[in-house]
Peer 1: 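Below are the C-alpha cells for one structure; questions will follow.
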Amino acid sequence: MLDFSELPKAYEAGKVEDEIYARWEASGIFNPDKLPDRNQKGEPYCIIMPPPNVTGVLHLGHALENALMDTMVRFQRMRGKKVLIIPSTDHAAMPTQAKVEKLLMQEGMKNPRQELGREKLVAKIREFAEQSKSTILGQIKKLGTSCDWSRLAYTFDDERGKAVHEMFFRLHKDGLIYRGYRVVNWSVKGQSTCSDDEVVMIERTTKLYTFKYGKDFPITIASTRPETKLGDTAVAVHPDDERYQSLIGKVYTVDVGAAKPLNIKIIADEHVDRHFGTGALGVTPAHSAVDFEMYEKQKTQGDPIDLIPVIGSDGKMTEEAGKYQGLTVDEAREKMVAWLKEQGLLEKEEEIVQNVGTSDRFGDVIEVIPMTQWWLNVNTIIPRRGKSLKDLMRDAMTIGLNGDIKQKISVAPERFAKLYLNRIENLRDWCLSRQIWWGHRIPVWYKDEETRVSETSPGTGWEQDPDTLDTWFSSGLLTFSTLGWPGETLDLKTFHPTGWITMGYEILYLWMMRMILMSAYVLDEIPFKDVYIHGLLRDEQGKKFSKSAGNNIDPLDVIREHGCDALRWSVLIGSAPGNDSKFYEEKVGGARNLVNKFWNISRFILMQIGQGGDGGSETLADQWILSRLNETVSSITKKLETYQFSSAGEELRDFTWGDLADWYLEIAKVEKGKEKILLHILQTILKLWHPFMPFVTEAVWSAAKFEGQLIVSEWPKIATSLAAPRNDEIKKIEQLRTLVIDLRRLRQEQGIEAAKQVEFVLIADSSIKQMIESNSAWIKRLINAETLTFSDTLPDGWATMVSGTITAALNVAGAIDVVKEGARLKKELAETVVYLSALEKKLENKDFMAKAPEKVVVDLKQKYSEAKHKEQMLSEQLDALS
RNA sequence: GGACGUUUAGCUCAGCUGGUUAGAGCGUUCGAUUCACAUUCGAAAGGUCGGAGGUUCGAUUCCUCCAACGUCCACCA
C-alpha cells in the first residue's frame, strides 16, 4: 500500500519540472517514430515552431506561443495522432549582424566591417549566434514544449542552406528571380537594403516647400525634400487637370544647381492628386518608389524620362548634385532652400504632418535609392502554371490551390484572412538581396561579363555575388526544409502539409505570406492547413514588452517563482484568439493557486484510496459527478478541436474546482467507499488537464504509480450512454445543490456563525422529502446542521425561506424581528411577481411559443410553476406574520 | 485617406450561428477555518452590455449612424 499522505502539502514545481522533462525526452516520445503503436497508426500531425531569432533570449511572446503549440500537440498526441513538433531557430540576418556590430563598437571598434573584414566578422557573429542559440533552446525546454529535438533545425545550417539554394535555382530558372536596377529601401546606417515589410512608417512634422524650378518654369510644385529636386526629370499632373493640360508633353530646361541643367518633361499620371499642394508633382525617379514607377511606365510607353541619382549609398549628395556634392541630405536641403529664397522662387513654407519610412532594425530614415539588386517577381506568370506567385498566394486562401479545397488554408480568427488577401493585392516585387554578410550568400558567380548560378564556384577567376539573401527567404521554406526537402523524404511525404501553425499577427505578412508563396510554388501544396493567429502580450498599462521600455519580463524568472504550469496557464487563459492580452503578476499568482489546488485535489483523492471497501451502488452524487465529468470531457474536446484554449481551460477549472472539489469531494467525506469512482475521476481529469498543465499532472500520475506516462496515455472517451440529456436523477441533485446553497445563505443572513451546529426544519412534499432524507448526511455536513427534520408547520420564531418547492426554517436563538422579516419577505415577493409577469408575458406570446425551441418552452414552463409556488409560499408566510 | 479591431462588474477579460433572471478570475465587504488545500471554504455587494436609431415575438449578440481608444496599410509629393 502506498502512503500518499507523505506527498508534500504544496506542489513544488521547481523540484520536479526538469526531471519530468528529462524523463519525457529520454523515453523518446517527442519523436514521432518512437511513439507507441497507437500513435504510429494515427494520422500525422505536424507543427512547425515559429523560429526564435538568435539575437537574444526568449520573451513572454515565446511563452505564449509555446504554450499554445504544446497544448495543442499534447492534446493531439493523447488522441492518438502521430505528432511532431519541430523546433528551430532563425539566424535573423539583419538584426543579428546589427547586434554584434553594436557590441563590437561598444568594445571600441569604429567600423567592424572595415576593421575585421568579411570572414572574421562572420566568425564573430557565428560565435554569438551559437551561444544565443543554445540559450534559447534551453529555455524552450524550460517551457515544457514537447518538440522533437532530433529534428532540430536552424535557418542557417547546411541542410537549410541546400534548400535555400535549390529554391533559388528553381525560381531563377523559371525567370521569377531577376537582377534589376530599381529603387530600393536603403538604410544608410545599416548600409543595406530592406524589404517593404521591414520599413516602419512613423509620423512626424516637417516643412512643405512650395516653389518653382526657375523663373520661367510654368508650374509651381511642392516638396518636403527640395534637395531631391536636383534629380527631377519630370513634373506629373493629373490628365484631366485643365490648368496644366496644354503643357503636357512639353520639356523645359532648368538650372537648379545640379551638375547639369535638368530637362523636365510635363507628364500626365492619374495618381496625382489635383487638390494637394499645387496639383503638380515633381518627379524624382531615382529617389521615390512612386516616381520610379512613373519612370518605368514612361519607358514602356516609349516616352522615356531620365533617372538621375543625386543621393549616394553613404547618404551624401553625389557628383550629379553638382555644387551640392558631398553634403548630407540635411545640409543640402538647407542650402537648396536658401538658394530658392535668394532667387525668389520659394512661394510658401508650411508645417505638415508626414509619414516617413524608417528601418525597423537600424532606426534611421530610409532613403530610396536606385541600385542593382536581386528581385523576386510576384506578378509574372510562372511557366507551365498559368499563374503568378501572387495568384497562388491568393488561391491558397480562397479556392484552394488548383481549385482543390483540401489545399485551402483556414485562418482563425477569420478576419486575418481578409487582411492577408487585402495585402496581396498591393504586393510588389520582393527585394531579395542584402548588403550584409550574415546570411545565405547569393549563389551567383561572375567572371568578366559572364554570370552563372551555382552553389559552388564554377572555377578559378569566378567571384561570388557579395550580397546575402533576405532572412525571410530561408524562413519561408521552413515547413518543408525542416522535413528534408529538396530530398524526397518520408518525413516530407508524411507530414506536409503540416497540420497547424500559430504566430502573432505582426508576422502575418513577413512570414506566413512567404511560407505560402514558397510552398505553393515548389510543392504545389499549402504549407499548413490551419493557422491560429494570436495576439500580443502587453504589460498592465497595455504597453508592449520591450527591453528599451524597461518592462521586459523573463519567462524563466516567472517559472522559477511560480512554475511552468502557472506561467502557461496565465498566458493562455483570459483572452480571445487574435486579441492582445495583458500579463501581470496577480494573474500568475492566481494560476499558481490553481496548480496547487489541483495538486491537493489529486492528493486528497489518492489519500482516500484504501480507506474503505467498495461502496456498492452509485449514489445520486455519484451519478451527478459522472454525468458532469462526461459533459466536461465532451466540451473540452470540442473546444480544443476548435482552438478555444481559454474557454476550454476555464471550463475545466470550473468543473474541477467548483463541482468536483467543492461539492463532490465534500460529499465523499461523508459517503464513504467511492474508491473506484474517485480513481476514475482522477485519471480522467489528469488527462484533461495534461495539455494545459503538463508538469503537475505528470507528477501526480507518477506519484500515484499509474501505468506508463501520462503524456502518451489515451484521451478520455465520451461515454455516449451518459451523453444523453440529464435524467431526472441528475436534476434532483441539482435541486439539492440549490437547497444547500439557499440554506447556507439563510444562515449567513441570520448572522449565525457557520461554525455553530444548528437545527433546520423543512417542509417538502413526500418525494422530495425522501430524496433529502437519503442524502441528509452530506447535506447536513455542507450546511453544518445538527439536525434536519421535517414538519408540516413552521415553528414559531424561526427564520424561514423558500428554496424551489421547499420551505425551510432555521432555529435562531431569540425572536426574529417580525418587522424586518416582513420587509424581507415583501421584497422577495415583489421580485418574484415581477419575474412571474415576465415569464407570463413570454408564455402568452403566441409567436414566441410557435418559434421558440421546445427545450426553451419546457424550461420556461418549469420555471414558471416553480416561481408560482414560491409566490404562494411567500404570500402565505407574509399572511402568517401579520 | 483606407481597412480592421476594441468599448460588458472597481480591475483584467469571456460571452459560439439572436432565446430562461448577462458570466469568470482578481479586488471589495461579511463570516468560517484542528478536516486534502490559509496557495483554503461559505455568503454578499457590484452591470440600464459606449451612445442613438433600425430589423425581430425577443438584441450584449444582426444592420445603420455617431463617439472614444488602439492597430495595420497607403504614392498626398
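Chain A is the first sequence line, chain B the second, and so forth, proteins listed ahead of strands; every chain is numbered from 1. All values reported here derive from a predicted model rather than from experimental measurement.
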Peer 1: How long is the line joining CG of A:Asp662 and P of B:A36, in whole Å?
Peer 2: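 Rounding to the nearest Å, CG of A:Asp662 and P of B:A36 are 14 Å apart.
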
Peer 1: Rounded to whole angstrom units, what separation is found between the CD atom of A:Glu586 and the C1' atom of B:A24?
Peer 2: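 About 17 Å, once rounded to whole Å.
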
Peer 1: Can you see if the side chain of A:Arg428 gets near the phosphate of B:C75 - specifically, an N or O under 4.0 Å from OP1 or OP2?
Peer 2: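 For B:C75, OP1/OP2 do have a side-chain N/O of A:Arg428 under 4.0 Å.
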
Peer 1: Nearest 0.5 Å please: distance from the CG atom of A:Leu686 over to the OG1 atom of A:Thr697.
Peer 2: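 Atom-to-atom, A:Leu686:CG and A:Thr697:OG1 are 6.5 Å apart.
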
Peer 1: If you check the A:Leu419 side chain, which of B:C4, B:A36, B:A14 turns out closest?
Peer 2: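 Closest nucleotide among those given: B:C4.
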
Peer 1: Side chain of A:Val290 only, heavy atoms from C-beta on: which candidate in B:C75, B:A77, B:U12 is closest?
Peer 2: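 Among the listed nucleotides, the one closest to the side chain of A:Val290 is B:C75.
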
Peer 1: What integer distance in Å separates A:Glu651:CD from B:A24:C1'?
Peer 2: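 Interatomic distance, CD of A:Glu651 to C1' of B:A24: 12 Å.
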
Peer 1: Calculate the interatomic distance between A:Leu739 atom CG and B:G42 atom C1'; express it in whole Å.
Peer 2: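 Between C1' of B:G42 and CG of A:Leu739: 15 Å.
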
Peer 1: Does either side chain, that of A:Glu198 or that of A:Ser195, offer a donor lying less than 3.5 Å from an acceptor on the other one?
Peer 2: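 Yes, A:Ser195 and A:Glu198 have a side-chain donor paired with an acceptor closer than 3.5 Å.
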
Peer 1: For nucleotides B:U71 and B:G58, find the distance between their P atoms and express it as a whole number of Å.
Peer 2: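 The same atom, P, in both gives a distance of 40 Å.
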
Peer 1: Compare the minimum distances between each of B:G5, B:A14, B:G25 and the side chain of A:Tyr584, then state the nucleotide with the smallest one.
Peer 2: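 Taking heavy atoms from C-beta onward, the closest nucleotide is B:G25.
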
Peer 1: Could you tell me how far B:G10 sits from B:G27 if I compare only their C1' atoms? Round to whole Å.
Peer 2: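 Looking at atom C1' only, B:G27 and B:G10 are 7 Å apart.
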
Peer 1: Find the distance A:Glu506:CD to B:G5:P and express it as a whole number of Å.
Peer 2: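 So the CD-P distance, A:Glu506 to B:G5, works out to 18 Å.
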
Peer 1: When you compare B:C75 with B:G2, how far apart are their P atoms, in angstrom units rounded to a whole number?
Peer 2: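 Taking atom P in both B:C75 and B:G2, they lie 16 Å apart.
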
Peer 1: Regarding B:C37, can its base be found pairing with the side chain of A:Lys9 as donor and acceptor, where the two atoms are less than 3.5 Å apart?
Peer 2: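 By the distance-only test, no, there is no pair.
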
Peer 1: Where the side chain of A:Ser223 is defined as all heavy atoms beyond and including C-beta, which of B:A77, B:C13, B:A36 is the nearest nucleotide?
Peer 2: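 Closest nucleotide to the A:Ser223 side chain: B:A77.
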
Peer 1: When you compare B:G46 with B:C37, how far apart are their P atoms, in angstrom units rounded to a whole number?
Peer 2: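 Approximately 35 Å lies between the P atom of B:G46 and that of B:C37.
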
Peer 1: Which nucleotide, if any, forms a Watson-Crick or G-U wobble pair with B:C13, using both distances under 3.5 Å?
Peer 2: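 Checking every strand shown, B:C13 finds its partner in B:G23, with both distances under 3.5 Å.
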
Peer 1: If the P atom of B:G15 is compared with that of B:U8, how far apart are they to the nearest Å?
Peer 2: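 So the two P atoms sit 14 Å from each other.
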
Peer 1: Using heavy-atom distances to pick each residue's nearest nucleotide on RNA chain B, tell me which of A:Phe604 and A:Arg745 is more 5'.
Peer 2: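 It is A:Phe604, whose closest nucleotide lies nearer the 5' terminus.
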
Peer 1: Is A:Gly574 touching bases, backbone alone, or none of the nucleic acid, heavy atoms closer than 4.0 Å?
Peer 2: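 A:Gly574: backbone/sugar contact only, no base atoms under 4.0 Å.
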
Peer 1: Say we look at B:G47 and B:C63: how far apart would their C1' atoms be, to the nearest angstrom?
Peer 2: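 Their C1' atoms lie roughly 25 Å apart.
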
Peer 1: Counting only side-chain heavy atoms from C-beta out, which of B:U39, B:G5, B:G15 sits nearest to A:Ala576?
Peer 2: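 Minimum distance to the A:Ala576 side chain belongs to B:G15.
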
Peer 1: Flag the pair A:Lys638 and A:Glu641 as a salt bridge only when some basic side-chain nitrogen lies within less than 4.0 angstrom of an acidic carboxylate oxygen.
Peer 2: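 No salt bridge links A:Lys638 with A:Glu641.
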
Peer 1: Given B:G5, B:G25, B:A43, identify the nucleotide with an atom nearest to the side chain of A:Arg653.
Peer 2: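 Of B:G5, B:G25, B:A43, B:G25 is nearest to the side chain of A:Arg653.
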
Peer 1: Counting side-chain heavy atoms from C-beta on, which of B:C35, B:A77, B:C4 comes nearest to A:Lys418?
Peer 2: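 So the nucleotide nearest the side chain must be B:C4.
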
Peer 1: From the list B:C37, B:A44, B:A14, which nucleotide is the closest neighbour of the side chain of A:Glu666?
Peer 2: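 Among B:C37, B:A44, B:A14, the one nearest the side chain of A:Glu666 is B:C37.
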
Peer 1: Is the shortest distance from a Lys or Arg side-chain nitrogen in A:Asp565 or A:Arg568 to a carboxylate oxygen in the other one below 4.0 Å?
Peer 2: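 Here A:Asp565 does not pair with A:Arg568 in a salt bridge, since their nearest N and O are not under 4.0 Å apart.
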
Peer 1: Pairing check on B:A77: which nucleotide meets the Watson-Crick or G-U wobble criteria with it, both distances under 3.5 Å?
Peer 2: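 WC or wobble partner does not exist here.
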
Peer 1: May I ask you to evaluate whether A:Lys587 reaches the phosphate of B:U12, defined as a side-chain N or O under 4.0 Å from OP1 or OP2?
Peer 2: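 So the side-chain polar atoms of A:Lys587 never come under 4.0 Å of the phosphate oxygens OP1 or OP2 of B:U12.
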
Peer 1: So does A:Lys587 pair up with A:Glu540, basic N to acidic O under 4.0 Å?
Peer 2: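 Result for this pair is no, no salt bridge flagged.
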
Peer 1: Taking any strand in view, what nucleotide pairs with B:U71 in a Watson-Crick or G-U wobble way, both distances under 3.5 Å?
Peer 2: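 Matched B:U71 with B:A3 under the 3.5 Å cut-off.
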
Peer 1: Does A:Trp657 put a side-chain nitrogen or oxygen below 4.0 Å from OP1 or OP2 of B:C41?
Peer 2: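 Yes.
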
Peer 1: Could you state the atom-to-atom distance from OH of A:Tyr505 to P of B:U71 in whole Å?
Peer 2: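 The distance from OH of A:Tyr505 to P of B:U71 comes to 9 Å, rounded to the nearest Å.
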
Peer 1: I'd like to know whether CD of A:Glu506 has more than 12 heavy-atom contacts from other residues, nucleotides or ligands below 6.0 angstrom.
Peer 2: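 Enclosed.
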
Peer 1: Roughly how many Å apart are B:U7 and B:U61, using the C1' atom of each and rounding to a whole number?
Peer 2: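 So the two C1' atoms sit 15 Å from each other.
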
Peer 1: Between A:Asn593 and B:U40, is there a contact of a side-chain N or O with OP1 or OP2 at under 4.0 Å?
Peer 2: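 It does, given that an N or O in the side chain of A:Asn593 lies less than 4.0 Å from OP1 or OP2 of B:U40.
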
Peer 1: Using atom CH2 of A:Trp569 as one end and atom C1' of B:U12 as the other, report the distance to the nearest whole Å.
Peer 2: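 Between C1' of B:U12 and CH2 of A:Trp569: 15 Å.
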
Peer 1: Which whole-number value in Å describes the distance from A:Leu421 CG to B:C72 C1'?
Peer 2: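 Rounding to the nearest Å, CG of A:Leu421 and C1' of B:C72 are 16 Å apart.
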
Peer 1: May I ask you to say what A:Ala236 touches in the nucleic acid, namely base, sugar-phosphate or nothing, with a heavy-atom cut-off under 4.0 Å?
Peer 2: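 Nothing, no heavy atom under 4.0 Å.
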
Peer 1: Can you check whether any acceptor in the base of B:G31 is under 3.5 Å from a donor in the side chain of A:Gln748, or vice versa?
Peer 2: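 By the distance-only test, no, there is no pair.
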
Peer 1: Using heavy-atom distances to pick each residue's nearest nucleotide on RNA chain B, tell me which of A:Val595 and A:Asn355 is more 5'.
Peer 2: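 Nearer the 5' end of the strand: A:Val595.
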
Peer 1: Of the options B:U6, B:A36, B:C41, whose atoms approach the side-chain atoms of A:Asn600 most closely?
Peer 2: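 Out of B:U6, B:A36, B:C41, the nucleotide with an atom closest to A:Asn600's side chain is B:A36.
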
Peer 1: Let's see if you can work this out: which of B:A77, B:U40, B:U39 has an atom nearest to the side-chain heavy atoms of A:Lys597?
Peer 2: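 Selected nucleotide (nearest to the side chain): B:U40.
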
Peer 1: Base, sugar-phosphate or nothing for A:Asn579? Non-hydrogen atoms, less than 4.0 Å.
Peer 2: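 Sugar-phosphate only.
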
Peer 1: Base, sugar-phosphate alone, or nothing: which one does A:Ile741 contact when heavy atoms must sit under 4.0 Å apart?
Peer 2: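 It contacts sugar-phosphate atoms only.
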
Peer 1: So which nucleotide does B:A45 pair with, by the Watson-Crick or G-U wobble rule with both distances under 3.5 Å?
Peer 2: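 In the structure as shown, B:A45 has no Watson-Crick or wobble partner.
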
Peer 1: For ring pair (Phe, Tyr, Trp, His ring centres under 6.0 Å), just list the numbers for A:Phe692 and A:Phe598, CA-CA rounded to whole Å, side-chain angles, deciding distance to a tenth of an Å, and then say yes or no.
Peer 2: CA-CA 12 Å; A:Phe692 295 96; A:Phe598 185 86; over 10 Å; no

Peer 1: Pick the C1' atom in B:U29 and in B:G5, then give their distance to the nearest Å.
Peer 2: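 About 37 Å, rounded to a whole number of Å.
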
Peer 1: Just N and O in the side chain of A:Arg225: are any of them under 4.0 Å from OP1 or OP2 of B:A77?
Peer 2: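 Checking B:A77 against A:Arg225, no side-chain N or O comes under 4.0 Å of OP1 or OP2.
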
Peer 1: Taking pairing as Watson-Crick or G-U wobble with both contacts under 3.5 Å, can you name the mate of B:U56, or confirm there isn't one?
Peer 2: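 Across any shown strand, B:U56 pairs with none.
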
Peer 1: May I ask you to establish whether A:Arg744 and A:Trp663 are in a cation-pi arrangement, using a distance under 6.0 Å from NZ or CZ to the six-membered ring centre and at most 45° from the ring axis?
Peer 2: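 Relative to the ring axis of A:Trp663, which defines the angle, A:Arg744 lies inside both limits.
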
Peer 1: Identify the two heavy atoms, one from A:Ala648 and one from A:Ile636, that lie closest to each other, and give their separation to 0.1 Å.
Peer 2: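 Closest approach of A:Ala648 to A:Ile636, heavy atoms only: O-CD1, 3.1 Å.
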
